[in-house]
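Written out below as structure tokens is the structure these notes cover.
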Amino acid sequence: MRLSWPLESALLASGLAGDLVGQKRLTSLTPAGPGDLKKADLAPWDRFAAGWNNPLAAHASDALVLAVGGAMVYADAWGAAHSRSDWKPAWEDALILAEAMALDAA
């Protein structure tokens with residue numbers, strides 16, 4: 001597997017651009033009222049979860065993603081700092097994590 005900087009840069013830029021456009025559109029929308037929202041408008045496999053909201057679980061999920069992805073980058077950086085490898089794997093893993101987070105946010 002090889003890292004293609006043009007492709008990786010394009011993926012990261014696409015994710016960041018999608019995130020920025022999505023945030024701009026999201027902040028310009030007026031919130032839906034309770035009468036506008038109907039479970040029947042959702043896909044059948046999503047209806048059971050309609051109305052669930054757990055901010056603590058959302059924060060825990062975000063923290064877990066950062067911890068797992070960060071551990072991967074940390075392990076690469078630790079190896080490079082202790083002369084067991086060069087810094088390339090750490091930069092590659094950091095780039096992949098940034099791409100995943102940008103595309104997820106988009």
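- Rounding to the nearest 0.5 Å places CD of Glu99 at 6.5 Å from CD1 of Ile96.
- Separation of atoms OG (Ser14) and CG (Asp19) is listed at 12.5 Å; rounding is to 0.5 Å.
- With hydrogens and angles ignored, the 3.5 Å screen pairs a side-chain donor or acceptor of Thr27 with a backbone N or O of Lys24.
- Listed here is the closest heavy atom pair of Leu37 and Ala32: CD2-CB, 3.7 Å.
- Here the shortest heavy-atom pairing between Arg25 and Ser28 reads O-OG, 2.9 Å.
- Leu26 and Leu16 are members of different hydrophobic clusters when ILVMFWY side chains are connected at heavy-atom separations under 4.5 Å.
- When all heavy atoms of Ala90 and Ala77 are compared, the closest pair comes out as CB-N, 3.8 Å.
- Note: Asn54 CG to His59 NE2 = 9.5 Å, rounded to the nearest 0.5 Å.
- Contact detail for Ala80 and Asp86: the closest heavy-atom pair is CB-O, 3.4 Å.
- With Asp36 contributing its side chain and Gly33 its backbone, the two residues share a donor-acceptor pair below 3.5 Å.
- Atom CE in Met72 sits 10.5 Å away from atom CD in Glu92 (nearest 0.5 Å).
- Inter-residue side-chain proximity for Lys39 and Asp46 is flagged as unmet; no heavy-atom pair is nearer than 4.5 Å.
- Put simply, Leu95 and Leu103 are part of two different groups of oily side chains (I, L, V, M, F, W, Y) that touch within less than 4.5 Å, one to the next.
- Between Ala102 and Leu12, the shortest heavy-atom distance links the atoms CB-CD1, 4.2 Å.
- With rounding to the nearest 0.5 angstrom, the CD atom of Glu8 is 15.0 Å from the CH2 atom of Trp91.
- Distance check: Asp93 CG to Lys88 NZ gives 11.5 Å after rounding to the nearest 0.5 Å.
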